[in-house]
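Notes for the one structure printed next.
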Amino acid sequence: MNDVTESRTANLVNLLDGLWRLLASPRLTVILLVWVAVILALSTVVPQTPPNIEDPVVLSQWKAKFPFAVRPVVERLQPFGVFDQLDSVWLRLPLALLLAHILVALADLGPVVWHHVRGSPGEGRLLGKTFPIERHMAIPVDESGQQLIGWLREAGYRILPAQTQEGDTSEQDKVDFTAWHWRWSWLGLAGIYFGLGLASVGLILQSWLGQVQDVNLGLDNAITLPATGAPSLVLEGVQDTRGDPMRPTSGVALVRMESEGRESRLRAWRLHSGRLLRGVWLTLADLRPMAEVTAVDTVTGEQVLLQPFSPRMSPQERVRVPLVGDSETRFIAVPSQNVTLHLDYQADAQYPPSIWETFEGGRVKSEDRQPVPSLFLSIYRGVEVDPSLLTSLNSNETVEFRGVQYLIAFDYDDYDATLRLNSALWWAAVALGWGIAALSIIQLAIVPPVYVRGGVAAVEEGSQLSLVVNTVGDERVIAENFERALPPTPEH
């Protein structure tokens, strides 16, 4: 019975020891990092779901972007997290394994690193790369030892007091020594794992606890961030747009920040740039050209109230809708008339006459002008699915329908901004972790630690040098430095 118990205990110990060595292996670090990198790369190639995908309207709008023949495949793959990889098990699993691996690696590596930092690893486990240096020298042992130790000191090595071999009766028989250079750089090995662990924790918590929210920032429409003491933000205007004016690739939004008891501040905010504000990371995600719609009763001359579909707002006299993006945002209800408006656009290939300039009898196009889009207005009555009126018009033109005159105004200087709110706490942990890992790698590359132990022993016709060099740097360069410093081997 005791033999069976001892056998089971030994098997369990061997199993745990093998698991520990597996989790502490540097190869596992590379495998898990490659796994995470592949998932992050696929998330940039495979279309990912928007932040508010739980909303049925957002879900249907996202699916509408796929070709009709592909939609059944998308619906089958969506439950497996293919289109939400950053918040799925495909990323969380390697991150959790990486975190467990790093904890084991630090526990396994920590004591060894500390012994190296103290300069006393002794005969224990060595880190990094280890290589021997053997050399026969035709000079006495004391002279060769002094020459080598002198060169090490000049090169910046710290030398422990010379010792004689234990049991020797003469100090001339052998000189043992230990030397190290940049010993504090050994901490860089632990720093790499610590940084990767901190980044993994940040990514895991961001995946579970982080919240992403898109909010529209319009002219004279203040929004307040969901953070204690956060200022209100008001869009003052947009300037310096580049690329297609309907979908600019760059631009600057002028945002006014207003805080209670403090003077308001105007900040210039570039498209796709981000900033930290009261623990919330804000990104200027999009600039959308807007059209303004108004309605007037042709009999009384009074304003007719309009109500946008998305976002839901109370009826108002003027409604601004984006000309690009989700079609749902371009629907406008007219409650008093029981009709619905839908606005769309198509860029006109023709330029207005004012855009053409005369030069030496020919006609040239001004580079400072943009083609004016043709606007399309559809008007639906009640619950009809086919429009009762479909017409095209230019900016500042009116359309009359059942006693109401509708005016559509468009200007390239009229933009709304989309702000993407993201919890910055966990991303700060990710950035700090990557920073620590990167600095640790740079430290090991610039000032690699070197640990040398060995000695010079007396032999016939001179002395024999036997060294063991331990480093994480370029062993070829370090070996060449030693070879140049040592006396040449005598010729026979």
Side-chain angles (χ1 to χ4, degrees), residues 23-38 40-41 94-95 97-99 101-122 124-133 148 151-160 178-203 427-454 467-486:
L23 289 176
S25 172
R27 294 182 180 179
L28 186 59
T29 309
V30 178
I31 293 173
L32 293 175
L33 287 177
V34 170
W35 186 353
V36 172
V38 168
L40 294 177
L95 287 175
L97 291 175
L98 181 62
L99 182 58
H101 159 64
I102 287 171
L103 292 176
V104 172
L106 285 175
D108 184 68
L109 196 66
V112 185
V113 170
W114 180 243
H115 284 305
H116 277 69
V117 169
R118 293 178 59 192
S120 57
R125 173 183 166 192
L126 296 178
L127 299 174
K129 297 169 286 189
T130 302
F131 59 93
I133 295 179
L148 177 61
W151 173 80
L152 289 172
R153 285 199 175 108
E154 290 179 2
Y157 285 80
R158 181 176 176 183
I159 311 296
L160 287 180
T178 300
W180 64 75
H181 194 211
W182 300 111
R183 61 189 175 113
W184 289 102
S185 291
W186 289 110
L187 291 174
L189 292 174
I192 294 175
Y193 282 101
F194 178 77
L196 291 176
L198 185 59
S200 300
V201 170
L203 286 172
W427 285 118
V430 174
L432 180 60
W434 283 118
I436 292 175
L439 289 176
S440 299
I441 294 174
I442 294 173
Q443 177 192 22
L444 292 175
I446 296 177
V447 286
V450 182
Y451 173 73
V452 182
R453 68 184 180 190
L467 300 178
V468 176
V469 181
N470 179 220
T471 184
V472 294
D474 190 338
E475 58 182 298
R476 180 181 56 83
V477 174
I478 295 175
E480 289 177 354
N481 291 338
F482 272 92
E483 292 294 334
R484 286 194 298 266
L486 297 175

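These numbers were taken from a predicted model, which means no experiment stands behind them.
Interatomic distance, Leu109 CG to Phe194 CZ, rounded to the nearest 0.5 Å: 14.0 Å. A distance of 11.5 Å separates CD1 in Ile192 from CG in Leu187, rounded to the nearest 0.5 Å. If you take CG on Leu33 and CG on Leu196, they are separated by 5.5 Å, rounding to the nearest 0.5 Å. We find the CD1-CG distance between Ile436 and Leu198 to be 5.5 Å, quoted to the nearest 0.5 Å. Rounded to the nearest 0.5 Å, atoms OG1 (Thr29) and CG (Leu98) are 7.0 Å apart. With rounding to the nearest 0.5 angstrom, the CG atom of Leu103 is 10.0 Å from the CG atom of Leu23.
Ser200 and Leu95 make their closest contact through CB-O, 4.2 Å (heavy atoms, listed as atom of the first residue, atom of the second, distance). Annotation for Val472 and Gly128: closest pair CG1-CA, 3.8 Å, computed over non-hydrogen atoms. Taking every heavy atom of both residues into account, Val117 and Arg183 meet most closely at O-NH1, 2.5 Å. When all heavy atoms of Gln443 and Trp184 are compared, the pair lying nearest together is NE2-O, 4.0 Å. Taking both residues in full, the closest heavy atoms of Pro448 and Gly473 are given as CB-CA, 3.6 Å, listed atom of the first, atom of the second, then distance. Taking every heavy atom of both residues into account, Ala179 and Ile159 meet most closely at CB-CD1, 3.4 Å.
A donor-acceptor contact shorter than 3.5 Å links the side chain of Thr471 to the backbone of Pro449. Side-chain N or O atoms of Lys129 include none that pairs as donor or acceptor with a backbone N or O of Asn470 at under 3.5 Å. No donor-acceptor distance shorter than 3.5 angstrom exists from the side chain of Arg158 to the backbone of Trp180, with no hydrogens or angles considered.
The side-chain heavy atoms of His181 and Tyr451, taken from C-beta on, include no pair separated by under 4.5 Å. Side-chain contact check for Trp186 versus Val112: every heavy-atom pair is 4.5 Å or farther apart. Within the 4.5 Å cutoff, side-chain heavy atoms of Val450 are placed close to those of Val452. Between Leu127 and Leu189 the shortest side-chain heavy-atom distance falls below 4.5 Å. Side-chain contact check for Val469 versus Glu475: every heavy-atom pair is 4.5 Å or farther apart.
Applying the side chain to side chain contact (heavy atoms under 4.5 Å, CB included) rule to Leu439 yields no partners; only residues at least two apart in sequence or on another chain are considered. Scored by the side-chain hydrogen bond (donor to acceptor under 3.5 Å, both in side chains) test, Asp474 finds no partners at all (sequence neighbours excluded).
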Item to complete: Just do the side chain to side chain contact (heavy atoms under 4.5 Å, CB included) check on Val468 and Ile133 with the steps written out, would you?
Response: CA-CA 6 Å; Val468 176; Ile133 295 179; over 6 Å; no
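No more than 12 heavy atoms of other residues, nucleotides or ligands lie within 6.0 Å of CH2 in Trp434, so this atom counts as exposed by the packing criterion.
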